[in-house]
Every structure is written in C-alpha cells, then in structure tokens.
**Q** 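The following block contains the structure, expressed as structure tokens.
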Amino acid sequence: MKKRIGFIAMATAALFLTACGGGGATNESSVVTESSSQTETTDLLQKVQDAGVIKVGLMGTYQPYNFLNENQEMDGFDADIAKEIAKGLDVDIEFVSQEFSGMIAGLKANKFDMVVSQMTITEDRKKEMLFSDPYITNQVKVIVSEGNTDILSVNDFPGRQIGVGLGTNDETYLRTVLMPEVGEFEIRTYDDVITSLKDLDAGRIDATINNMYALKPVIETNGFKIKAVGDPVKSDQAGIAVNLGNEAFIVEVNRILAEIKEDGTYRDIFVKWFGEEPPAE
C-alpha cells in the first residue's frame with residue numbers, strides 16, 4: 001500500500017524540553033470529562049486495519065524528535081519511528097499536533113490512535129495508558145549559562161530559579177523527587193523550550209534540566225550560550241502509548257520495533273537524527 005502522510009494541526013504547539021519526555025498524569029487527566037475518559041471498546045488493531053490509516057499524536061515542535069520541516073511536513077526521530085510502525089501495519093499515517101500537556105487527554109478523547117512523542121514510561125502513566133517496549137532512552141542533565149560556575153549539579157539548586165517544561169515528567173521529578181531531597185528552589189514552567197532557553201541565556205533563570213539531543217538544534221539555531229554540567233540527573237525511557245485495553249495492538253507494535261532494530265532500520269534512523277550510534281541495549 002502506498003503510504004500517505006498527513007498532518008493535522010491541532011494546536012499552535014508548545015516546544016517542550018525533555019519534556020517531551022513526560023508529563024504528570026494527574027494534571028493531564030484532570031481536564032478529561034467523564035465521557036471522554038472512557039477507552040475505546042473496539043479493538044484498536046482491527047479499527048486501524050479496517051480504516052487503513054493510523055492517527056499519531058505528537059507535539060510537532062520538539063526538534064529533532066518531532067517538528068515541521070521547511071516543507072511543512074512532520075519530520076524527526078519520532079515521526080520516522082511512527083512511519084515504520086504504520087509501514088509494518090500496512091496502513092497510511094496521519095500526524096495530529098497536540099501540546100504535550102494535553103497529550104493524555106487527547107488520546108483518551110480519541111483525537112489520535114497512538115502517541116509517539118517522547119512520552120516517558122512511568123508507573124502513574126501505566127495506570128492510564130498502555131505502553132510499547134521503550135524505543136529510546138534519554139539522559140537528562142543540568143543545563144546552565146556558559147558563564148555560570150556556581151551550579152555544578154542538582155545539589156546547587158536550593159534557593160535558585162529552575163526552569164522546566166509544563167506538564168512534563170521533568171516537572172514532576174523536580175517537584176516530587178528532587179526538591180524533597182535537596183531543599184527548596186523555585187520552579188518556573190514553560191510551554192516552549194526557546195523561551196526557557198532565552199531566559200536561561202539572559203540570566204532570568206539559573207538552570208534547567210533536559211537532554212542535549214533535544215537542546216542541540218535549538219542552541220545551534222539561536223546561538224544560546226549555555227552548557228550541560230555534571231553527571232546525568234536521570235535516564236528516561238520513552239514508549240509508544242495507546243489507550244488501555246489494546247494489548248493486541250501493542251503486541252504488533254513491539255514486533256515491528258524488534259524487526260526494525262534487527263534489520264538496521266532503527267540504527268539508520270538514530271544516526272540520521274542524533275549523529276551517533278544508538279547505545280547498546
């Protein structure tokens with residue numbers, strides 16, 4: 001079947017940091033109405049095969065993972081992985097843009113069939129969504145301005161202003177894990193990475209946390225004078241997410257992921273977007 005790739009603009013979208021990595025499930029699920037929170041009763045695999053198309057939710061603003069290229073086509077690592085899933089299912093693909101803070105709500109409301117947008121796999125999210133095997137592991141580091149010599153690790157955060165993507169797994173980590181461990185600091189949330197890095201570059205915040213895969217193209221494009229310091233704060237694994245109850249679909253997704261890793265397709269996609277070999281599993 002000849003593949004048709006469509007893009008549906010659902011939001012003027014926010015560019016997230018690792019974010020992309022993840023969001024707190026509590027905030028996202030709280031905006032879902034009783035009726036929209038119900039998962040589909042029809043098996044997703046059968047539905048997609050009958051329709052001949054799969055709708056994929058992603059931000060579309062998170063280079064190099066997912067973004068609109070100069071031809072206004074969805075591109076990036078996530079987009080390429082999603083295309084391989086569609087190819088393996090022998091269906092067409094449509095991309096649906098969605099701000100990350102509303103991604104879980106959008107999935108539950110059936111705006112799209114699956115999420116391929118650096119959705120970090122967490123225990124809380126497993127209660128709301130069904131995940132594939134991880135398709136990437138991201139290391140999160142502390143990011144500061146080039147001239148900053150005061151912050152060398154998260155232990156230096158107390159009393160500082162720390163920026164982070166709104167609704168992301170990193171925000172949840174700062175609030176629920178790190179702050180109780182190292183002491184109080186101010187958290188400033190952002191809907192897009194460029195604004196947060198502008199504030200960091202200008203000294204309006206003291207640090208942020210993110211992975212350098214996500215920041216590198218933004219830094220190069222905008223000339224921000226910032227750097228990563230210290231050891232990785234944590235590692236996050238992202239998975240493809242669907243509504244609960246769609247085990248047959250996830251079995252197929254995992255089969256396709258295993259196949260593209262075995263035949264070298266995954267390696268080619270990884271090198272294309274990150275300029276290095278994927279880490280050994």
Side-chain angles (χ1 to χ4, degrees), residues 1-23 44 47-48 51-107 109-120 129 131-132 134-136 138 165 167-168 191-194 211 213-218 220-221 238-242 249 253 256-257 260 265-275 278:
M1 177 184 292
K2 184 178 180 182
K3 299 295 178 290
R4 173 177 57 81
I5 300 173
F7 171 69
I8 304 175
M10 298 274 303
T12 311
L15 176 58
F16 271 100
L17 305 187
T18 332
C20 309
L44 179 59
K47 172 194 167 186
V48 166
V53 61
I54 187 164
K55 294 182 179 180
V56 179
L58 35 60
M59 287 176 288
T61 56
Y62 192 33
Q63 191 175 0
Y65 295 104
N66 53 80
F67 63 99
L68 288 178
N69 62 25
E70 58 186 12
N71 297 319
Q72 295 301 294
E73 297 170 337
M74 193 62 74
D75 214 343
F77 178 79
D78 291 341
D80 281 355
I81 294 295
K83 291 172 190 176
E84 290 300 321
I85 300 301
K87 180 179 177 181
L89 294 172
D90 195 27
V91 297
D92 295 330
I93 188 169
E94 291 183 2
F95 291 113
V96 181
S97 177
Q98 172 67 59
E99 290 184 1
F100 196 84
S101 58
M103 195 69 74
I104 294 177
L107 180 65
N110 300 319
K111 291 181 180 179
F112 29 83
D113 303 309
M114 69 178 185
V115 175
V116 190
S117 191
Q118 293 303 296
M119 181 69 72
T120 300
M129 298 180 290
F131 282 96
S132 71
Y135 69 95
I136 190 171
N138 295 303
T168 67
D191 282 329
D192 65 272
V193 70
I194 293 177
N211 77 78
Y213 286 156
L215 295 190
K216 184 177 179 182
V218 181
E220 291 175 349
T221 300
I240 294 168
V242 298
F249 183 87
V253 169
I256 296 165
L257 287 174
I260 66 174
T265 301
Y266 179 87
R267 179 262 176 201
D268 292 343
I269 293 172
F270 197 96
V271 172
K272 171 185 175 182
W273 292 108
F274 305 126

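In this chain, residues are counted from 1 in sequence order.
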**Q** Going through the checks in order, is the side chain to side chain contact (heavy atoms under 4.5 Å, CB included) test met by I85 and Y135?
**A** CA-CA 12 Å; I85 300 301; Y135 69 95; over 6 Å; no

**Q** What's the shortest heavy-atom distance between Q63 and P217, and which atoms?
**A** O-CG, 3.7 Å

**Q** Considering non-hydrogen atoms only, spot the tightest contact between K111 and V96 and give its length.
**A** O-CG2, 4.0 Å

**Q** How many angstroms lie between atom CE of M114 and atom CG of L58, to the nearest 0.5 angstrom?
**A** 9.0 Å

**Q** How close do M74 and K83 get, counting heavy atoms only, and between which atoms?
**A** O-NZ, 3.8 Å

**Q** On a heavy-atom basis, which atom in S117 and which in D78 lie closest, and how many Å separate them?
**A** CA-OD2, 3.4 Å

**Q** For the atom pair CD1 (I269) and CD1 (I136), what is the distance rounded to the nearest 0.5 Å?
**A** 11.0 Å

**Q** For M119 and F100, what are the C-alpha separation, side-chain angles and deciding distance, and is it a side chain to side chain contact (heavy atoms under 4.5 Å, CB included)?
**A** CA-CA 9 Å; M119 181 69 72; F100 196 84; 3.8 Å; yes

**Q** Find out whether I81 and L257 are in side-chain contact, i.e. whether some heavy atom of one side chain is under 4.5 Å from a heavy atom of the other.
**A** yes

**Q** Give, for atom CD1 of I240 and atom CG of D113, the distance between the pair rounded to the nearest 0.5 Å.
**A** 12.5 Å

**Q** Please name the residue in the list F274, Y213, F270 that meets the ring-ring contact (aromatic ring centres under 6.0 Å, His included) test with Y65.
**A** F274

**Q** Can you measure from NZ (K87) to CD1 (I260) and round to the nearest 0.5 angstrom?
**A** 10.0 Å

**Q** Quick one: do E73 and L68 satisfy side chain to side chain contact (heavy atoms under 4.5 Å, CB included)? Show the steps, please.
**A** CA-CA 5 Å; E73 297 170 337; L68 288 178; 5.9 Å; no

**Q** Answer yes or no: is there a donor N or O on one side and an acceptor on the other, between the side chain of S101 and the main chain of G167, under 3.5 Å?
**A** no

**Q** To the nearest 0.5 Å, tell me how far D92 CG sits from I54 CD1.
**A** 11.0 Å

**Q** Is the gap between the ring centers of Y62 and W273 under 6.0 Å?
**A** no

**Q** Which heavy-atom pair separates V56 from F112 by the least distance, and what is that distance?
**A** C-CB, 4.0 Å

**Q** Once you round to the nearest 0.5 Å, how far does NZ of K55 lie from CG of L107?
**A** 13.0 Å

**Q** Which atom pair, heavy atoms only, marks the closest approach of P64 to A214?
**A** CD-CA, 3.9 Å

